[in-house]
Number of protein chains: 2
Amino acid sequence: MKVPSSSPGRRERNKQQKLDRITEAADQLFGRFGVDEVTTQQIADAADIGTGTLFLYARSKAELLLLVQNTHYAEAIEAGLLAADDAASPLDAVMALVEPVVECNRRQIENGRTYLRELVFGDPEEPHHRIGLEIIQQVDDAYVEILQRDGRLSAGDAALLARAISAVMFVSLASPAHLQSTDQEVCDDIRNQVRVLLRP
Amino acid sequence: MKVPSSSPGRRERNKQQKLDRITEAADQLFGRFGVDEVTTQQIADAADIGTGTLFLYARSKAELLLLVQNTHYAEAIEAGLLAADDAASPLDAVMALVEPVVECNRRQIENGRTYLRELVFGDPEEPHHRIGLEIIQQVDDAYVEILQRDGRLSAGDAALLARAISAVMFVSLASPAHLQSTDQEVCDDIRNQVRVLLRP
DNA sequence: CCTCATAAATGAGTACATTCATAAAAAACG
DNA sequence: CGTTTTTTATGAATGTACTCATTTATGAGG
C-alpha cells in the first residue's frame, strides 16, 4: 500500500486530465450549440476519449450539463450575495440575488431550462446534481436571511416565504412564456411577483 | 367533394376507434407500471395498431401521457371548483382547489411528476399539451377570483399572487423531497406556504 | 525486473422513441 | 363499377443515450 500523501500518482493525474478535457469539451459544445444539439459521441470525440469513458465521469448527459453549469451558477450567486448586502429594501435585496441567476440561466436559454429541469426532475443522488442543489440552496438561505432582517417575520415564516420566492423564480425561468423575453423582462416579471409576496 | 354534415363516414369512425383503443391502452399501462416502464411498442401492441400508427395520434410519448392525464385533471379541478365555493376563508378556498389536484397528481407519483415536467418543459404547440395548459389555467383563474373576493387586492396584484401560488404548488408536487410523503403532508406543506403568502 | 491484483478505458452492442418510404384503404368522381 | 386522389396504416430503418464484456494501464509486493 502506498502513502496517498505526497504525489497524486499517474493514475490520479490521468483521471484529472480526462475530467478537465471532458468539462472543457462539454462546456464549449453545449455553450455553442445547446445541449440538445450535441451528442455524447461528439463530446467524447472532442475530449479525445472513448464512447463509454464519458459515462465514468458523468453518469448521464444531464449530469454532464450539471457538471458544466454548476460552476457558472456558483459564480453568479457569489456576485448576487455581494450585491444583496448593500440593497436598500428586502425587495431590492432579493432581486440583487435573482438578477445574476437570471443572467446566468439565460445565457443559453435551452441549456438554462434543461438545467432547471434536471435539478427538479433528475436523480438527486447523482453527484453533480447534489452539488447543484447545494448551490441553489444558498440562494434560498440568503432569502431567509433577507426576510428576517426587519424582524417582522418568524424564522419559520421566512423559510416558507423563501421557498415561495424560489418557486416563483424557478417557474418564471422555466416557462416557455419567457422564451422570447429579454433578461430584463424576466427580472421585471419576477420582481412584480416578489413585490406582491413581500407586501405586508 | 362530399358534404361533411350527416354521416361521420367509415374513415372517421375507424380513427375514433383507434384513438379510443390507444387512450385506453395507454391509460391502463401507464397507470399500472408508470410511464417510464412502458414502451410505445407495448402500447401499440395493446391497442392493436402498428408501431408508427401510434405517432399519428400523439406526436410523442409525452403527448400520450398528457392525452391520458388531462381528463383526470379536468375532473379533479371540476371537483375543486365546487368545493372552493363554500370555503370559509381564501386560504381554505385555495386549498379546496389544491387538494384534488394533489390527489390526482399523486395517484401514480412518477406519472404525476412527468406530467408536470412535460407541461412546463414540453412543446406548448402540441395539441394535448395545449389542452393541459388550458386546464391548469382554470385553476389559476380561480385563484384570481378567490383573491379578489374580499376586495383587498387589485386585479393585477391578484393575478401576480395567483401565479405565485401556482408556482408553489408546482414545485411542491414536482420536488423529489415529497417522493415519500403522503398526500396529506404535501397538502400541509403547500398550505403553510400559501398561508404565509396570504398573510397581509 | 516480474507477477499479480485492481482500477480505468474502450467500442461494439442494446434499448427505445421516433421517422419515413411504401402499401393499403377510403373517398371522390365519372 | 373502374379509376384516380387523398388519407391513413405500417414496420423496417434511424439516431442516440447508455451498458457491459473485454482489454489495457497502473500500482503493489516480492
Side-chain angles (χ1 to χ4, degrees), chain A residues 1-22 25-26 29-30 33-67 114 117-118 121-123 126 128-129, chain B residues 1-22 25-26 29-30 33-67 114 117-118 121-123 126 128-129:
Chain A
M1 182 85 86
K2 187 183 165 197
V3 207
S5 61
S6 58
S7 78
R10 183 169 5 201
R11 189 171 275 172
E12 279 306 313
R13 259 179 293 129
N14 274 339
K15 263 210 296 185
Q16 186 58 51
Q17 281 179 357
K18 278 204 172 112
L19 180 57
D20 288 347
R21 291 211 305 278
I22 291 169
L29 288 169
F30 284 160
F33 303 108
V35 62
D36 280 354
E37 304 307 313
V38 175
T39 66
T40 54
Q41 189 63 65
Q42 288 175 307
I43 295 167
D45 290 348
D48 194 29
I49 57 172
T51 317
T53 310
L54 191 60
F55 295 92
L56 295 177
Y57 291 83
R59 284 205 260 261
S60 68
K61 193 181 180 184
E63 270 281 288
L64 203 48
L65 182 68
L66 293 180
L67 161 64
T114 307
R117 191 186 71 198
E118 292 305 323
F121 293 101
D123 180 354
E126 298 290 293
H128 301 301
H129 190 126
Chain B
M1 181 84 88
K2 187 186 166 194
V3 208
S5 61
S6 59
S7 78
R10 181 169 3 194
R11 190 170 273 173
E12 278 307 313
R13 259 179 293 128
N14 276 340
K15 262 210 297 185
Q16 187 58 52
Q17 281 179 359
K18 275 199 175 123
L19 180 57
D20 288 347
R21 291 211 306 278
I22 290 169
L29 289 169
F30 285 161
F33 304 107
V35 64
D36 280 354
E37 305 307 312
V38 175
T39 67
T40 55
Q41 189 63 64
Q42 289 176 308
I43 296 167
D45 291 347
D48 193 29
I49 56 173
T51 317
T53 310
L54 191 60
F55 294 91
L56 296 175
Y57 292 83
R59 283 204 261 260
S60 68
K61 193 182 180 184
E63 271 281 288
L64 203 49
L65 181 69
L66 294 179
L67 162 65
T114 307
R117 192 187 67 198
E118 291 305 323
F121 293 101
D123 180 354
E126 298 290 292
H128 301 302
H129 189 126

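Each chain gets a letter, A, B and so on, in the order the sequences are listed, and its residues count up from 1. Because only heavy atoms are used, hydrogens play no part in the values below, and waters and symmetry mates are left out as well, while side chains stay in. Since the structure is predicted, the reported quantities are computational estimates derived from the model, not experimental observations.
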When you get a sec, tell me which of dA12(C), dA26(C), dA17(C) is the closest nucleotide to the side chain of Thr51(A)? dA12(C)
Rounded to whole angstrom units, what separation is found between the CZ atom of Arg11(A) and the P atom of dA8(C)? 6 Å
d(CG, Leu56(B); P, dT7(D)) in whole Å: 13 Å
Presence of Thr53(A) side-chain N/O under 4.0 Å of dT10(C) phosphate oxygens OP1/OP2: yes
Is any side-chain N or O of Asn14(A) closer than 4.0 Å to OP1 or OP2 of dA25(D)? no
Backbone N or O of Thr39(B) within a donor-acceptor pair of the Gln42(B) side chain at under 3.5 Å? yes
Any side-chain N or O of Lys15(B) less than 4.0 Å from the OP1 or OP2 oxygen of dT8(D)? yes
Would you kindly compare Asp48(A) and Ser60(B) by the position of their nearest DNA chain C nucleotide and give the one closer to the 5′ end? Asp48(A)
Test item: Val35(B) and Leu64(B) side chains (from C-beta on) under 4.5 Å apart, heavy atoms: no
Between P of dA17(D) and CG of Leu65(A), the distance in whole Å: 13 Å
Check whether His128(A) reaches the backbone of Leu66(A) with its side chain - one donor and one acceptor, N or O, closer than 3.5 Å. no
N or O in side chain of Tyr57(B) less than 4.0 angstrom from dA9(D) OP1/OP2: yes
Does any non-hydrogen side-chain atom of Asp45(B) lie less than 4.5 Å from one of Gln41(B)? yes
Tell me the interatomic distance from Ile49(B), atom CD1, to dA9(D), atom P, rounded to whole angstroms. 8 Å
To the nearest angstrom, how far is Asp45(B) atom CG from dT10(D) atom P? 11 Å
In Å, rounded to the nearest 0.5 Å, how long is the span from NZ of Lys61(B) to OG1 of Thr114(B)? 9.0 Å
Which part of the nucleic acid, if any, lies within contact of Thr39(A), taking any heavy atom under 4.0 Å across all strands shown: a base, the sugar-phosphate backbone alone, or nothing? sugar-phosphate
Side-chain N or O of Lys61(A) versus OP1/OP2 of dT16(D): is the shortest distance under 4.0 Å? no
More 5' along DNA chain C: Gly50(A) or Asp36(B), using each one's nearest nucleotide? Gly50(A)
Expressed in angstrom and rounded to an integer, what is the separation of Gln17(A) atom CD from dA8(C) atom C1'? 14 Å
Atom CZ of Phe55(B) and atom C1' of dA12(D): how far apart are they, to the nearest Å? 14 Å
Rounded to the Å, how far apart are Glu12(A) CD and dA7(C) C1'? 10 Å
Would you say dA17(D) has OP1 or OP2 under 4.0 Å from some side-chain N or O of Thr40(A)? yes
